[in-house]
Number of protein chains: 2
Amino acid sequence: MEELLKIDEVAKLSGLSKRTIRYYEEIGLLPPPPRSQGGTRLYTQDHVEFLKKITIAKEVLGFSLQELHHFLSLRDTLENQRADYKKVTEPRERKEKLIEIIHLLDDQLQMIEEKIHKIMSVQTELVTLRERARAAIVKIDEELSK
Amino acid sequence: MEELLKIDEVAKLSGLSKRTIRYYEEIGLLPPPPRSQGGTRLYTQDHVEFLKKITIAKEVLGFSLQELHHFLSLRDTLENQRADYKKVTEPRERKEKLIEIIHLLDDQLQMIEEKIHKIMSVQTELVTLRERARAAIVKIDEELSK
DNA sequence: TATAAATTTAACGTTAACGTCAAATTTATA
DNA sequence: TATAAATTTGACGTTAACGTTAAATTTATA
């Protein structure tokens, strides 16, 4: 029972604009969905999930769409370790590819660590600011109640 | 003993380009430094620190320069609680302003919480991917050693 | 089935955040 | 002090990531 969605629905569910959704397809980021007889795009819930994920990755990691693209191809390579790929490609070659992927993931994970560090430093700074503001209010209240 | 820096030094220390530094001044983000007789900009270490901070905030929070601008004016308002400002402005008015600032900080801090959440979700996903890749390598090795 | 509402492609427009280049001046160096 | 190296202002260029508009179809509704 595949629920088919049209672009307007997908836009509402994903929080992206219709233009953006088509654009992501245009640049090869979103897999092209099947079409109806007349050519209307017919999406599934999977597309929505996918869009949500890359939106988060973009927001949070500050990835450009190019970088996202590159990153997603990694995931695909991993997926392809199953099924057909195995039969076609040399084990040795597959292993090389996997090692490459792991290195890239290590890099990304390190970058994420750094980002978390930085964001927390900003966080503590803001908390400090808030404390100062609160203290200033207390002072004013003291002044006013004299 | 104020060490004075010229723009090329500041660029190297901050990691930004000279163009970017002038641009930040142009849009009012970076306070204009004093000039030499001939008009050359003379910075201090404080400028460098400032640039580093806003670079982190921009990177990490995904702030636009506009948003940064707005945000920095907050901090300035807080700074101004001291000194002259106090003598000129009504306590009641100052308190209003402070409450406004606190609300804004609360919002920002909430946003940061959410970002940290999201980034960690991406993190765990990447770790999972890496695990899968490692497992796949083990499988291949087993194949090869048969 | 006529009409309204939604979708498609195509093309041009927009904005932020700088990059790049040039010509004039200033500062550093031999 | 002559020459090289750096800085300044000004202006135009660039790129990513869409927005907007229009004209042609397609899909939904009364």
Side-chain angles (χ1 to χ4, degrees), chain A residues 2-45 47-48 50-73, chain B residues 2-45 47-48 50-73:
Chain A
E2 291 267 331
E3 274 296 330
L4 292 183
L5 310 169
K6 288 199 286 182
I7 199 165
D8 195 55
E9 269 302 297
V10 176
K12 277 166 189 160
L13 292 172
S14 68
L16 299 173
S17 74
K18 293 186 276 187
R19 170 64 166 116
T20 297
I21 294 170
R22 292 198 198 95
Y23 176 67
Y24 283 2
E25 180 183 336
E26 185 184 329
I27 65 175
L29 204 56
L30 182 69
R35 305 289 188 111
S36 73
Q37 295 285 334
T40 301
R41 272 168 261 249
L42 300 174
Y43 299 92
T44 71
Q45 191 63 32
H47 288 95
V48 176
F50 183 82
L51 286 172
K52 282 186 183 172
K53 271 194 189 173
I54 62 182
T55 301
I56 288 183
K58 193 175 163 270
E59 261 184 47
V60 166
L61 302 181
F63 275 12
S64 71
L65 297 182
Q66 277 253 349
E67 287 167 322
L68 266 183
H69 201 287
H70 178 240
F71 182 75
L72 290 175
S73 71
Chain B
E2 292 266 332
E3 275 294 332
L4 290 184
L5 310 169
K6 289 200 287 183
I7 198 164
D8 195 55
E9 269 301 298
V10 175
K12 277 166 188 157
L13 293 172
S14 68
L16 299 173
S17 74
K18 293 187 274 187
R19 171 64 166 112
T20 297
I21 295 169
R22 291 197 198 95
Y23 176 66
Y24 283 3
E25 180 183 336
E26 186 184 330
I27 64 174
L29 203 56
L30 181 70
R35 305 289 188 110
S36 73
Q37 295 285 333
T40 301
R41 272 168 261 248
L42 300 173
Y43 299 91
T44 72
Q45 191 63 33
H47 289 95
V48 176
F50 182 82
L51 285 172
K52 282 186 183 172
K53 270 195 191 173
I54 62 181
T55 301
I56 289 183
K58 194 175 161 272
E59 262 184 46
V60 167
L61 303 183
F63 275 12
S64 72
L65 297 182
Q66 276 255 349
E67 288 167 322
L68 265 184
H69 202 288
H70 178 241
F71 182 74
L72 290 175
S73 70

- L5(A) pairs by side-chain contact (heavy atoms from CB on, under 4.5 Å) with which of V48(A), T44(A), L42(A)?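 When side-chain contact (heavy atoms from CB on, under 4.5 Å) is applied between L5(A) and each of V48(A), T44(A), L42(A), only V48(A) qualifies.
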
From [atom1] of [X] over to [atom2] of [N], roughly how many Å is that when rounded to an integer?
| X | N | atom1 | atom2 | result |
| --- | --- | --- | --- | --- |
| D8(A) | dT26(D) | CG | C1' | 15 Å |
| E67(B) | dA16(C) | CD | P | 12 Å |
| E25(B) | dA17(C) | CD | P | 17 Å |
| K58(B) | dA16(C) | NZ | C1' | 9 Å |
| Y43(A) | dT7(C) | OH | P | 10 Å |
| R41(B) | dT7(D) | CZ | P | 11 Å |
| K6(A) | dT29(D) | NZ | C1' | 12 Å |
| I54(B) | dA16(C) | CD1 | C1' | 15 Å |

- Message: Heavy atoms from C-beta onward define the side chain here; which of dA17(C), dT8(D), dA17(D) lies closest to that of L65(B)?
- Response: dA17(C)

- What nucleotide, of dT9(C), dG19(C), dC18(C), holds the atom closest to the side chain of S17(B)?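 My answer, after comparing the listed nucleotides, is dG19(C).
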
- Query: Counting only Watson-Crick or G-U wobble pairs whose two distances fall under 3.5 Å, which nucleotide matches dA11(C)?
  - Reply: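 dA11(C) is paired, partner dT20(D).
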
- Counter-base of dA28(C), judged by Watson-Crick or G-U geometry with both distances under 3.5 Å: dT3(D)

- Query: How do T40(A) and R19(A) order along DNA chain C: which one's closest nucleotide is nearer the 5' end?
  - Reply: T40(A)

- Task: Indicate the atoms forming the closest heavy-atom contact of A11(B) with K18(B), along with that distance.
- Result: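 Taking every non-hydrogen atom into account, CB-CG, 3.9 Å.
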
- Please report the closest heavy-atom contact between E67(A) and G62(A), naming both atoms and the distance. OE1-O, 4.0 Å

- 5' precedence on DNA chain D between Q66(A) and I7(B) (nearest-nucleotide basis): I7(B)

- Message: Need to verify one output field. Residue with the more 5' nearest nucleotide on DNA chain D, L42(B) or Q37(A)?
- Response: L42(B)

- Query: Between atom CG of L29(A) and atom CD1 of I21(A), what is the distance when rounded to the nearest 0.5 Å?
  - Reply: 12.0 Å

- Rounded to the nearest 0.5 Å, what's the gap from CZ on R22(B) to CD1 on I7(B)? Could you check? 4.0 Å

Looking at [X], does any N or O in its side chain come under 4.0 Å of the phosphate oxygens OP1/OP2 on [N]?
| X | N | value |
| --- | --- | --- |
| S36(A) | dT26(D) | no |
| Y24(A) | dC18(D) | yes |
| T20(A) | dA17(D) | no |

- Message: Considering every strand and a 4.0 Å limit on heavy-atom distances, what is the contact class for I27(A): base, sugar-phosphate, or nothing?
- Response: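 No contact at all - I27(A) keeps every heavy atom at 4.0 Å or more from the nucleic acid.
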
